[in-house]
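When a ligand or atom number is given, it counts from 1 through the structure's own listing order. These numbers come from the heavy atoms of this one structure, side chains and all, not from hydrogens, waters or symmetry mates.
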Amino acid sequence: MVIVLNRSIRESDKAAIRSFLEGRGFRVREIVGEEETILGAVGLVPIDFREVEVLPGVDRVIPISKPYKLASREFKKSDTVVQVGPVRIGGQRIAVIAGPCAVESAEQIRETARIARQSGAVMLRGGAFKPRTSPYSFQGLGEEGLKLLREAGRAEGLPVVSEIVSADFAERMAEYVDMFQIGTRNMQNFDLLKRVGAIAKPVLLKRGLAATVEDWLMAAEYLLAHGTDEVILCERGIRTFETYTRNTLDISAIPVVKKLSHLPVIVDPSHATGIRDKVPPLALAAIAAGADGLLVEIHPRPEEAASDGPQSLYPEQFEKLMRDIDVLAPVVGKEIARLPEPEAIALRSGSESEGDVAFQGERGAFSEIAVHRYFERSGVRAVPCKRFRDVFEAVLSGGVRHGVIPIENSLAGSIHENYDLLIQYPDIRIIGEQKIRIIHNLIGFPGVGVDALKRIYSHPQGLAQCAQFLESYPAIEGVPYYDTAASVAHVARSKRPEWAAIASAEAAATYGLAILKAGIETNPRNYTRFFVIARAEEPVPADANMASVVFATRDKPGALFGCLQVLADESLNMHKLESRPILGRPWEYMFYVDVEIPEDRRRFERAAERLSAETESFRILGRYRAHSLGT
Ligand code: PEP
Ligand code: MN
């Protein structure tokens, strides 16, 4: 802490302050400035600052270290990812928890769970003990409600969260819920925080109605200090003078808390606004501001809800919100967390050779980022390869179980070499898809100004995508290099501060250089779609909703029309159609089609059978789970 002394302080008072602090175990240093004299007191000593503030000769006390420790970023630099059953909250996923305000009946909670699951929620919420403002309002079904919530969650494979209001019930409640919720009104119920913390289950901690960020983090500190490592903070609106909405959602708390703490932050737009039509815009704002997820009230028939009907979303509103989040997520470098089908979980994390995934490029390449994004839950090792063909070879030979290859960029179009390789390797299948936003950064030696640069290296695509930035510095020469990440390695090796490169932030970190300017791409809507490939004997993911197929038509009028007619007959939604010359057969073409696999998979299978009969050649390149169907 820093103690600012009165200008006219007597030497005897100063000595008394010093000996008071030293007596408490602080090390004290005096700094005499032109304007003020201050004492710096250092040491891990618990103290009430007011004890120092009241000493004669003290003008004011400025605390330096934060009162919370375990919840602070200083204590843990990396983001905490809280694991609730198969669901991970924090990191690069957006987890959406949905359900009714209160569990009302077995039918109501089962129906809501189904709606939540179908639209992509990963956890089910539902109050059983409702802390209502009025004693005459519906108070919840109590323990019976918890049973119904657990059953509904199990039926849909959704972990459940519910609010606890009494410390004495903590052990009993732990049998029903996968995560405790501490409500707004109980944020500073310290006995409750201690008892719930000691159970060491995940806890969702709502912000108090009139709690500062520091009060809130101190409440989290109680939970952490008593045993749980898994705390999720939930901003749900605070009291302000504004009465138009139920509360005022403090969006700014999200980046503030994320800087101060390593804990995930989610947002409850339902209790924040209290009005249904305000929920989706604020939910999207929260995601844009960096929230790790949402807690949203939904109800199959909100007008019949026993509590909070006016703020509960209709099923179709929730579905629309989830689709909008799906589109927004890549803009903030995230994606919606999904619950894979049980078979898909086994596929992604079960095998012993799961460890290795091949990608083309140097360390820090966008392909490597795609590897880690897709395999987030399994901690795989990314293996760099020189050429795209080497990725296919590594997978085919069994050297690695999976490979990740870029297939198209939203600005530059398809990467034809990889389409051709998919044809040339019939024993390789696409089993997954990953889209990432491409953010280009100017990377160089720390502290160098852009004006001091003479050369900027990057892949020609990287240079082209940052043309506007480069045009504004005509004196700097753009030098093409074979790979974006490799251009960073090249600059780092050169030790020439007048050189820089354009690549990912990860590449800057990998080669120990600094980001001189972030996000210099001309068009920020720059996404690359990657395919995850595996050997053909790998099972088709159980949650696949998209297929990529390729066929060559017979040489007759209307041949392509006939093929598309097959898709139309089965009402299959086509996403992409592209023609490519057939290698070695000039002026003959193959057609690549991405087509949605509907819930009734037989429609896709029938179409595939008919296409194989009607075309000269037909192949399914793979079936996989595609996200952002709407984009
Ligand atoms: C709830 O989520 O059910 C609830 C009562 O919220 P809050 O504690 O934020 O008012
Ligand atoms: Mn509610």
If you have a sec, work out which protein heavy atom is nearest atom 9 (O) of ligand 1 and how many Å separate them, to one decimal? Arg236 NE, 2.5 Å

Show the atoms of ligand 1 that are less than 4.0 angstrom away from any heavy atom in Arg185. 7 (P), 8 (O), 10 (O)

Residues Glu163 and Arg125 bridged, charged N to O under 4.0 Å: no

Would you please determine whether Arg207 falls within less than 4.0 Å of ligand 1 on a heavy-atom basis? no

Less than 6.0 Å separating the ring centroids of His402 and Tyr374? no

In the protein, which heavy atom is nearest to atom 1 (C) of ligand 1, and how far is it? His271 CE1, 3.3 Å

Phe129 and Phe169 aromatic ring geometry - parallel, tilted or perpendicular at 30°/60° bounds: perpendicular

Do Phe531 and Tyr624 have ring centroids that are under 6.0 Å from one another? yes

Shortest protein contact, atom 6 (O) of ligand 1 (heavy atom only): Lys206 NZ, 2.9 Å

Could you tell me whether the side chain of Lys130 and the main chain of Cys101 form a donor-acceptor pair under 3.5 Å? yes

Lys66, Lys259, Lys69 screened by salt bridge (Lys or Arg N to Asp or Glu O under 4.0 Å) with Glu74, the one that passes: Lys66

Has Ser410 got a side-chain atom pairing as donor or acceptor with Arg525's backbone, closer than 3.5 angstrom? yes

Nearest non-hydrogen protein atom, atom 5 (C) of ligand 1: Glu163 OE1, 3.7 Å

Is the ring pair Phe75/His262 parallel, tilted or perpendicular, if the boundaries are 30 and 60 degrees? tilted

Of all protein heavy atoms, the one nearest atom 7 (P) of ligand 1 is Thr184 OG1, 3.3 Å

Could you walk me through whether Glu506 and His372 pass the side chain to side chain donor-acceptor pair (under 3.5 Å) check? CA-CA 11 Å; Glu506 285 78 356; His372 294 301; over 6 Å; no

Which atoms of the protein, restricted to N, O or S, are nearer than 2.8 Å to the Mn ion (ligand 2)? Cys101 SG, His271 NE2, Glu297 OE2, Asp308 OD2

Name of the residue among Arg276, His299, Glu297 meeting side-chain contact (heavy atoms from CB on, under 4.5 Å) with Gln311: Glu297

Ligand-residue contact atoms, ligand 1 with Gly183, heavy atoms, under 4.0 Å: 8 (O)

